[in-house]
Student: 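Just passing along the structure, written as structure tokens.
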Amino acid sequence: MQAKEYRSTLQPVWCTGCGDFGALKALTQALADCDVKPEKLGVISGIGCSSRLPGYLKAYSFNSIHGRALPIASGLKLSRPDLTVVAVGGDGDGFSIGLGHLPHAIRRDVHMTYGVLDNGIYGLTKGQASPTTEVDIKEKQGLAGVDERPLNPVLLVLSSGCGFVARSHAGNMPHLRQMFREAIQYPGFAFVHVLAACATYQMKNYAEEIYNRCDPLPSDHDPSDFSRAVAEAMSDRFKLGVIYRRPPEERPAVAAQGMGRAGVWPPHRADETLLETAGEVEE
Ligand code: SF4
């Protein structure tokens with residue numbers, strides 16, 4: 001299938017210049033790359049401008065309730081494992097109202113892709129600060145919450161044990177297409193942080209300004225190196241690419257059999273001594 005064949009007859013109502021257009025196009029391209037048939041595709045969102053996206057696709061689409069994309073998407077995948085499931089939403093939907101669901105979806109590690117289209121603002125409700133709005137932007141725009149620092153989405157999901165973590169920019173569609181493609185192909189919960197523009201409520205030139213603060217990951221970056229992934233997540237630049245991909249032997253189901261647990265709490269227990277000791281005390 002071609003990317004355009006995934007589009008429904010609905011025309012997007014996004015503002016001219018909205019970054020969500022780039023994300024929609026890159027996602028359809030990635031779906032075509034992965035040869036996902038529309039009748040085998042489920043796309044779930046919460047509420048917000050970017051959460052309109054499922055309606056623009058030929059798929060089992062559900063524009064659900066605020067912050068609830070992940071439990072609905074997880075339920076869909078568990079009941080219909082034959083579907084490719086993608087959840088989408090914005091930074092407010094995912095990191096504020098819906099944040100409680102994120103670490104638990106990661107812990108369950110259901111095979112699905114979660115793309116957060118992060119424009120650092122609430123667009124649909126006309127420009128309030130979101131959990132990722134930077135402090136200086138709040139100061140310049142006179143937004144509430146100046147004394148609240150933005151959260152770091154990539155560090156957040158890494159610390160929750162997410163097995164696939166990538167970042168891209170909606171203005172770089174070939175790159176975003178590749179990130180979505182790799183996320184869809186990852187056999188577990190995959191997170192894609194998409195830097196996007198709100199052309200109406202963000203600062204002027206926001207998309208360009210953010211783009212100029214992005215760098216590709218270093219050519220020697222090893223996505224299986226969890227410590228390196230954390231370091232890149234804490235960089236003062238937005239690092240683009242696959243930041244972390246858990247090696248197959250370290251996936252939780254395998255790790256439970258004692259093969260290592262990089263990035264998963266608690267640390268791997270090297271032997272059963274501790275358990276045996278606890279058992280002795282109980283007796
Ligand atoms: Fe996009 Fe912002 Fe317009 Fe919403 S308000 S459609 S996020 S440009």
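Along the sequence shown, residues carry numbers from 1. Only heavy atoms go into these numbers, but all of them, side chains included; no hydrogens, no water, no symmetry mates. In listed order, ligands and their atoms are each counted from 1.
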Student: Between R228 and D220, does at least one N-O distance fall below 4.0 Å, as a salt bridge requires?
Tutor: yes
Student: Quick one: does any side-chain atom of S61 pair with a main-chain N or O of P54 as donor and acceptor, under 3.5 Å?
Tutor: yes
Student: Between M1 and D35, what is the shortest heavy-atom contact and its length?
Tutor: N-OD1, 4.3 Å
Student: Any chance you could lay out the side chain to side chain contact (heavy atoms under 4.5 Å, CB included) test for L24 and L57, step after step, and finish with the verdict?
Tutor: CA-CA 9 Å; L24 173 63; L57 292 171; 3.9 Å; yes
Student: Whether R167 and E232 form a salt bridge (side-chain N of Lys/Arg under 4.0 Å from carboxylate O of Asp/Glu) is what I want to check.
Tutor: no
Student: So do F180 and V194 actually touch side chain to side chain, heavy atoms under 4.5 Å?
Tutor: yes
Student: Which of the numbered atoms in ligand 1 are under 4.0 angstrom from any heavy atom belonging to Y201?
Tutor: 5 (S)
Student: At distances under 2.8 Å, what protein N, O or S atoms surround atom 1 (Fe) of ligand 1?
Tutor: C18 SG
